[in-house]
Each structure stands twice: as structure tokens, then as C-alpha cells.
There are 2 protein chains.
Amino acid sequence: MKNTLPQFYSVFSIDCVLFGFDGGELKILLIERNEEPFKDWWALPGNLVAQDESLDESATRILYELTGLKGVYMEQYYAFGDVDRHPQGRVVTVAYYALLRLSGDKTPKPVSDFAKNAQWINVNDVPKLAFDHQKIYEKGLEKIKRRIKHQPIAFELLPEKFTLTQLQQVYELVLGKKLDKRNFRKKMLNFGILKDLDEKQKGVSFRAATLYKFDKRKYTKLFGKEISF
Amino acid sequence: MKNTLPQFYSVFSIDCVLFGFDGGELKILLIERNEEPFKDWWALPGNLVAQDESLDESATRILYELTGLKGVYMEQYYAFGDVDRHPQGRVVTVAYYALLRLSGDKTPKPVSDFAKNAQWINVNDVPKLAFDHQKIYEKGLEKIKRRIKHQPIAFELLPEKFTLTQLQQVYELVLGKKLDKRNFRKKMLNFGILKDLDEKQKGVSFRAATLYKFDKRKYTKLFGKEISF
DNA sequence: ACAAAAGTGTTGCTTTTACACCCATGG
DNA sequence: CCATGGGTGTAAAAGCAACACTTTTGT
């Protein structure tokens, strides 16, 4: 870091919009801040990027610290860099969204220093957020809306074995609209990327649905990287 | 900027992939560096973000310094933050692409301090680039490939008045494949977002083509923000 | 008159949409 | 036996893909 670079003091941070699907609801993980600025406000989980970690590594670490999970699907989607977005200085933040399967109980636990609380909150009940996190969240939602139409990201929100109805719920929640059941099933099954597990749902008090699994192998063969849900 | 933020020395920069369409070719603007590191290498135009400017402002400024143009269509698309991407320190760069109409002569002029030369180079002849600019450029191209299918960005590359053939050329160059003339025209005209100017091309030594203009008004009315070319 | 590009329709195929009832299961 | 969601087909409409020749203009 020689004399060409220096200019002024600045840092970068990562903010994550963690989406989780759970029993028919789409939620995001919010933390309640325990420090100034914005003490007691709800905010997206985030942190500063350390010296020796790349942006992706940083995002992975932050998510791990929050949830204890590794191998979660994450994707960077936008950098927010308004001059005054952080009251304490120049902080450019790079936003990631992550998609993960909530199995009922997977409540957030650790929670970093400056949070006193972390909660999964339905995307329809998101409160006012600290900093410019409202904007960050909205753009994240927009991104996955767009991406779910062309890439198989819905499966990241579901358990490994899922029913077609669950899959449809994910699409409906993300896209924010109802879909026709018959057409949806026809289309999904026609892609040939779902493996019928010859296995039924258990523990439901009605006719048990068939379980499916996303066939990644076939997907990559068939589509390379493109599809149109 | 109090005691909560400080961590280590870092800066952010902007790098731009400037796309230009000109006489049947899709080009990008590259500069030849005049300074270490990567002296004499070709690179994407870029610069450090100043203290009092947002990312968008910085991108706009950089583009202005290079081309003397304002009001150019630009869009941020990705932040690159590998630890070692810059040999002199921790530099996270935010990449933008810009689309602009080259009217034959609009050769780049000013060129910043650390460049000795700037040139429009056909996207098929892009040389090895400094830093991780190869990756940045490729991702930028990918982005516009995707975006041109859903948003009316092709018009940003064309003069205000253009022929259908020119429009088709833009699509073909960006997408990297030939399209059927009749189908293309049918589709475009059916959208109803092209205004027929009742005016013909001039100065060509063959049958003059009708000139059209993008009808932004109608576009926003009809599609809000979505379309499928 | 020729070279160069402009302009123009039809057909078959695929995809999308709209739509309603019976079935299996657990309580 | 009832409540709950599971599962299924068809027909009409729209959209997409393939395809070749005539027209206009300048030189």
C-alpha cells in the first residue's frame, strides 16, 4: 500500500438478506441492534470486511456466525455507496442474499456483538430498518424475483425432499402472486429436473403428497445455466 | 468516523466497461496504462472513488473525464473484492457498464493521468487485461446479454434515429448470434414501442431504410419495466 | 443492368392459459 | 363421514421458428 493509493479513510462492509422458507411463509432474518448508531432498530445482519478476506469469504463468515451454517447458497447483488449512508464515516456496503431451508426450529442463535436479538420475520411484516437497509432489502427481493424465473434457486429454500405444492408455494411467495396448480406441475415435471422419490410425505392428516428431489445432474446437462420458469 | 470503524487501510475504485456500437461493430473502450502496476498493459478505465462522491457519481465522473459525455446510460453490476486483486493494497472495485452511441468519430480524447492512450476495441479483439479486468469485462458482457433480453437497452447504443437493421445488428452482436430478419422485425414492431418517423436513411448507395425512434413514453406505459425480446 | 440491402406472409409447431372435479387419508 | 389438500386433462389462443423472393436505389 504505497503512495499511489492513500486518499481518505474508508471501509467496506457486507450486508446480507437471508431468505428462509418455512411452513408456507417467506421470511428474512433481522437483528435488533444493540449499539449506536441506530441502537434498538431492526437491521439486516452485516459486518465489516476483514483485511484478509474477500467479499465472498466475508459474506460466508458473517452468515456462519449468525446461523452456524456452511455451504449456504449466497449471491452478491449490489454495492451501496451513498456518501452519507453511514453516520460514522464512509462505508460502502456490498449486499448479498442467501437462501436457506428453515426446518421449523432452525432459529437463529449466536448473533454478533452489536445485536441483542435476531429473528425471522415474514417478508410482509418487515419493519422500518436502520441505515439504508430498506433499500437494500427491497433490491434483494427484486433480485430473487428475477432470478427465480431463470435459475433453479427455489430448491435452496426447500428441504431436500419436497412436494410439488411446497415448490409452488415458494414460487408464489417469491413472485408475489398465485399460480395455477395444474399448469405449474405440468411445467415443472416436463423440465425433467425433478426426481420422483417414490416416497410419500408423512405425518399429515390428509392424503400424503409425493416427494421429489431436485436433480442437479440433469439440470446442468439440460440447461447449462438457463431456464425459464 | 470514530473508533467503531477503523480497521485497516483500504479504498474503493470504479471500473467501467464502456460499450459502444459503431458501423456494425460492438466495441469497448480500453486504456493503455502509463504507470505501475501493469504499466503498458491494456485495462478498463477506472479510478478511485473520492471522499465526497457516491459510487454512481464517481462512475459518472470517470466516464465524463474519459469521453466528455454526460447523461450516458450506466449501470452498476458487480463488486470485485478478492484480497489480492490489486498489488498495492486492498482495493475493492465496483464495476459499471455504460452503453453509448458512437457516431463514427467520437474517439476518446482526454484520458486520465495514468493512461497514455485510449482506444475503442472490438469485443472480439480484446487483449489480455491488467488486474482482474478480464473477469470484470466478461461479467459485464454477460450482464448486458441478459439485460438486453428484458429491457430496452439496445437503444442506448444507437443514434436517436435508427433503422431496424441497425437495431437487429445490436442484438446480434450483443447476443453473439444471428437472428431471423422477418421474425425480428415482426416482433419489434408488434411491441409498439418504435415510432415510425416517416423518414428515410440518407447517403446510402442502395434502397434507403425507414428510420425509427424508441418511444420511451409508450414503453413505460406498456411494460412498466418488463419485456421479453 | 447490377449490386446491395430493404421489405414482406404463411404455415406448422410449441407453449401458455384457463378451467373443475374426483381421490386418498387421518381424525 | 367429513375436511383437507393431492392429483389429473383438454381445448383454445398466443407465440415462436423456419423459410425465399421482390422492391428500391445509387452507381
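In the text below, chain A, chain B and the rest are named by the order of the sequence lines, each starting its count at 1. What you see is a predicted model; the values in this text were computed from it and never measured.
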Contact list for DNA chain D against residues 159-167 of chain A - heavy-atom distance below 4.0 Å: A/T165

Polar atom pairs between nucleotides 8-14 of chain D and protein, under 3.5 Å, N or O only, would you list them?
residue : atom : partner : partner atom : Å
D/dG9   : O6   : A/R182  : NE           : 3.4
D/dG9   : N1   : A/R182  : NH1          : 3.4
D/dT10  : O4   : A/K186  : NZ           : 2.9

Atom-pair distance (NZ on A/K200; C1' on C/dG26), nearest Å: 15 Å

Partner residues of A/N124 under the side-chain hydrogen bond (donor to acceptor under 3.5 Å, both in side chains) criterion, sequence neighbours left out: A/N122

Results of ring-ring contact (aromatic ring centres under 6.0 Å, His included) for B/Y212 - residues two or more places apart only: none

Residues which pass ring-ring contact (aromatic ring centres under 6.0 Å, His included) with B/F214, listed by chain and number, not counting sequence neighbours: B/F155, B/Y219

Test side chain to side chain donor-acceptor pair (under 3.5 Å) applied to A/T165 and A/K181, A/R185, A/Q201, the passing residue: A/R185

Any residue meeting salt bridge (Lys or Arg N to Asp or Glu O under 4.0 Å) with A/K161, in chain and number order, not counting sequence neighbours: A/E199

Whole-Å distance separating the CD atom of B/Q201 from the P atom of C/dA5: 10 Å

Counterpart residues, ring-ring contact (aromatic ring centres under 6.0 Å, His included), relative to A/Y171 (two or more places apart): A/F184, A/F229

Sequence-distant partners of A/D56, salt bridge (Lys or Arg N to Asp or Glu O under 4.0 Å), two or more places apart: none

B/K187 vs D/dC16: side-chain N/O to OP1/OP2 distance below 4.0 Å: yes

B/R61: partners by salt bridge (Lys or Arg N to Asp or Glu O under 4.0 Å), with sequence neighbours left out: B/E53, B/E65

Distance, rounded to the nearest Å, where B/L179 contributes CG and D/dC16 contributes C1': 13 Å

Sub-4.0 Å heavy-atom contacts from residues 202-209 of chain B onto DNA chain D, ordered by number: B/V204, B/S205, B/F206, B/R207

With A/D82 via salt bridge (Lys or Arg N to Asp or Glu O under 4.0 Å) - residues at least two apart: A/K135

All ring-ring contact (aromatic ring centres under 6.0 Å, His included) counterparts of A/F80, not counting sequence neighbours: A/Y78

